[in-house]
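First the structure, in the form of structure tokens, and then the observations on it.
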Amino acid sequence: MIRYAKPTTVDEALALLGEGAWRILAGGTDFYPAQGAKPFRDNVLDINGLTSLRGIFETDDHFVIGARTTWTDIIRHPLPPAFDALKQAAREVGSPQIQNVASVAGNLCNASPAADGVPGLLILDAEVELSSTAATRHLSLPDFILGNRRTALKPGEMVTAIRVPKPAGTSAFFKLGARRYLVISIAMVAARLVVENGTVTEAAVAVGSCSAVAKRLAGVEQALRGRRADDGLAAAVQSAPMTELSPIADVRGSAEYRLDAVREIVARAVLTAAGPTNGHMVAAA
């Protein structure tokens, strides 16, 4: 017999997870489309009653995003400029109706190469909090998302939070799709820069939809550090290695097109993150 449970406390949810296999239902925006017309074969653990897992909290050294926090919550919450890319990505997660119910943790657990939230969290050095009745552990985002639809979740575990070390700098997000809204990306980029006295002292750049999982671009980041925060950043992006990327060809675009396009949108994101004085250069990048 298929079981359905809707616990009201995290301890209750973890106890149920410890008893056997469950499919976790959060916002349901990926859960139900994936199910389609097929009959349910798995026990369903509905975590929408876990009010303690919704919201954004601040500690001395982290921002903690509860697992049930929605994309609308991200958009509305006052966060420092380093989170701008994540907020911009949040506005690209489907329609406002989807943003109102889809959870940040669900976007990670779905582990799609085109998950809008992943690049913006990668540039923030986010880590995922995994809880079970036995222990709580923390994994960096690259250690959590292992591949297309694959994560490091173990039996009996659930994501309870995303933790972000308090970041510096300003960030930006660009998404390329066949249309402006309600589209799966051809490529997307998040960039975060720290600029001091007109020079880039810290750079974080991540690309999604161009590899099995979203990737940080170490070569681009190295090429940006130490440079003046001016239009020379675009040239640095154009010549920097992007060996982390291995795009596929599909109905949305060829692999070659993705590689060409991603350099353009990386340059746009970097120039935008470098500061408002570079806004006039974005169109020409």
Side-chain angles (χ1 to χ4, degrees), residues 27 29-30 56 58 62-67 69-94 98-99 102-129 139-145 151 159 161-177 181 183-194 202-211 213-218 220-221 224 237 244-245 262 265-274 282:
T29 57
D30 287 315
I56 302 169
E58 189 173 349
H62 283 83
F63 287 94
V64 180
I65 302 169
T69 302
T70 68
W71 291 109
T72 297
D73 295 334
I74 294 288
I75 293 167
R76 292 177 176 174
H77 194 84
L79 290 164
F83 282 85
D84 285 356
L86 189 64
K87 284 178 173 282
Q88 291 158 8
R91 294 184 175 93
E92 301 280 356
V93 179
I98 296 294
Q99 295 160 19
S103 67
V104 180
N107 195 245
L108 304 186
C109 292
N110 195 43
S112 166
D116 290 316
V118 176
L121 288 168
L122 279 173
I123 63 168
L124 294 171
D125 297 315
E127 62 180 19
V128 182
E129 179 181 279
L139 293 179
S140 69
L141 198 48
D143 288 334
F144 176 70
I145 301 177
T151 72
V159 175
I162 297 99
R163 293 164 49 87
V164 177
K166 288 189 174 177
T170 303
S171 66
F173 176 84
F174 276 81
K175 177 175 176 176
L176 175 66
Y181 292 108
V183 67
I184 298 174
S185 65
I186 297 170
M188 57 184 162
V189 172
R192 178 175 63 87
L193 299 184
V194 178
E202 184 179 342
V205 178
V207 171
S209 289
C210 289
S211 47
V213 297
K215 297 280 190 178
R216 287 274 295 265
L217 302 184
V220 173
E221 294 172 0
L224 295 173
V237 168
E244 297 89 349
L245 304 183
V262 80
I265 60 174
V266 167
R268 293 186 183 195
V270 165
L271 289 173
T272 302
V282 171

Contacts of [X] that satisfy salt bridge (Lys or Arg N to Asp or Glu O under 4.0 Å) - sequence neighbours left out:
{"X": "Arg216", "value": "Asp125, Glu221"}
{"X": "Asp73", "value": "Arg54"}
{"X": "Glu127", "value": "Arg163"}

Go through the structure and list residues passing side-chain contact (heavy atoms from CB on, under 4.5 Å) with [X], not counting sequence neighbours.
{"X": "Ala114", "value": "Ser112, Ile184, Ser185, Ser209"}
{"X": "Ile98", "value": "Thr29, Val93, Ser95, Ala102"}
{"X": "Ala214", "value": "Val118, Pro119, Leu122"}
{"X": "Val213", "value": "Ile145, Lys215"}

- Item | Donor-acceptor pair, side chain of Gln88 and main chain of Phe174, under 3.5 angstrom | no

- Task: Check for a donor-acceptor pair, side chain of Thr69 on one end and backbone N or O of Ile65 on the other, with a separation under 3.5 Å.
- Result: no

- Message: Holding to ring-ring contact (aromatic ring centres under 6.0 Å, His included), I want the full list of residues that pass it with Phe63, two or more places apart in sequence or in another chain.
- Response: Phe83

- Rounded distance [0.5 Å steps], CZ in Phe173 versus CE in Met188: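 Going from the CZ atom of Phe173 to the CE atom of Met188 covers 5.5 Å.
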
- Can you tell me how far CD1 of Ile265 sits from CG of Leu176, rounded to the nearest 0.5 angstrom?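 Reported value, rounded in 0.5 Å steps: 5.5 Å.
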
Which residues satisfy the side-chain hydrogen bond (donor to acceptor under 3.5 Å, both in side chains) test with [X], sequence neighbours excluded?
{"X": "Asp116", "answer": "Lys175"}
{"X": "Ser171", "answer": "none"}
{"X": "Thr72", "answer": "Asn100"}

- Query: Any idea which heavy atoms bring Cys109 and Val159 closest together, and the distance?
  - Reply: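 Between these two residues, the closest heavy atoms are SG-CG2, 3.6 Å.
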
- Do the side chains of Lys87 and Leu79 get nearer than 4.5 Å, heavy atoms only? yes

